[in-house]
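Report on the following structure.
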Amino acid sequence: MSQKIRIKLKSYDFNLVDKSAEKIVKAVKATGAIVNGPIPLPTNKRIYTVLKSPHVNKKAREQFKLCSYKRLLDIYSSSSKTVDALMKLELPSGVNVEIKV
């Protein structure tokens with residue numbers, strides 16, 4: 001095969017992303033492929049401002065922050081064993097995985 005495989009991990013919890021990336025790196029290195037990463041991508045932060053009371057206090061507000069964390073993994077010199085190892089991995093449900101070949 002020997003193609004480059006790019007894996008993007010995305011989650012709202014940075015612990016889940018780091019643990020998932022660690023699992024992928026261990027599984028891929030066991031098959032003998034070369035792994036570049038995990039590379040942390042910029043964190044996307046969204047801040048929502050909400051009025052506490054809609055009618056009385058205009059200055060009373062609450063702010064909520066929603067952060068999404070991303071990691072990037074590049075796998076070089078992969079084989080069919082590498083692809084099989086990636087398919088058999090059990091990753092947490094809070095992590096979005098995007099694989100490009």
Side-chain angles (χ1 to χ4, degrees):
M1 250 185 164
S2 72
Q3 297 179 2
K4 182 176 90 168
I5 300 174
R6 177 165 280 181
I7 301 174
K8 275 188 179 180
L9 302 173
K10 184 177 178 183
S11 178
Y12 294 116
D13 186 9
F14 69 93
N15 287 326
L16 288 177
V17 173
D18 290 337
K19 288 179 184 177
S20 300
E22 192 176 311
K23 279 184 184 179
I24 292 172
V25 168
K26 283 182 184 178
V28 170
K29 281 191 177 179
T31 62
I34 300 169
V35 180
N36 186 13
I39 302 166
L41 296 175
T43 303
N44 188 14
K45 297 176 185 173
R46 290 191 204 154
I47 299 175
Y48 298 102
T49 305
V50 180
L51 294 174
K52 279 187 176 182
S53 172
H55 302 295
V56 183
N57 300 323
K58 174 71 173 165
K59 294 182 181 178
R61 297 171 186 239
E62 279 185 302
Q63 285 190 334
F64 300 100
K65 182 166 68 169
L66 184 63
C67 298
S68 63
Y69 302 94
K70 296 174 257 177
R71 300 288 184 268
L72 183 69
L73 294 158
D74 286 332
I75 301 170
Y76 300 103
S77 68
S78 61
S79 63
S80 60
K81 291 181 183 179
T82 308
V83 176
D84 290 339
L86 286 174
M87 296 302 279
K88 291 179 182 177
L89 275 178
E90 294 282 332
L91 294 178
S93 61
V95 179
N96 183 18
V97 180
E98 185 179 316
I99 299 175
K100 290 185 181 179
V101 178

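Bear in mind the structure is a predicted one, so any value in this text is a computation, not a measurement. We're numbering straight along the sequence, starting at 1.
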| said: Please tell me whether V95 and L72 are part of a single hydrophobic cluster in this structure, the criterion being side-chain heavy atoms less than 4.5 Å apart. | reply: no

| query | Would you say I99 and I75 are hydrophobically clustered, going by side-chain heavy atoms of ILVMFWY under 4.5 Å? | reply | yes

| task | List the steps, then state whether side chain to side chain contact (heavy atoms under 4.5 Å, CB included) holds for V97 with L91. | result | CA-CA 9 Å; V97 180; L91 294 178; 3.5 Å; yes

| field | Smallest separation among heavy atoms of R71 and V17, with atom names | value | CG-CG1, 2.9 Å

Donor-acceptor contacts, no H, no angles, side chain residues 30-41, under 3.5 Å, sequence neighbours left out:
from, atom 1, to, atom 2, distance (Å)
T31, OG1, V28, O, 2.6
T31, OG1, T82, OG1, 3.0

Report the distance from atom [atom1] of [X] to atom [atom2] of [Y], rounding to the nearest 0.5 Å.
X	Y	atom1	atom2	answer
K100	I5	NZ	CD1	14.0 Å
N96	L9	CG	CG	8.5 Å
L89	M87	CG	CE	10.5 Å

Report, one line per pair, each donor and acceptor closer than 3.5 Å where one atom sits in a side chain of residues 46-69; sequence neighbours left out.
from, atom 1, to, atom 2, distance (Å)
T49, OG1, Q63, NE2, 3.3
R61, NE, K58, O, 3.4

| salt bridge (charged side-chain N to carboxylate O under 4.0 Å, His left out): which pairs involve residues 74-92, sequence neighbours left out? | R6-D74

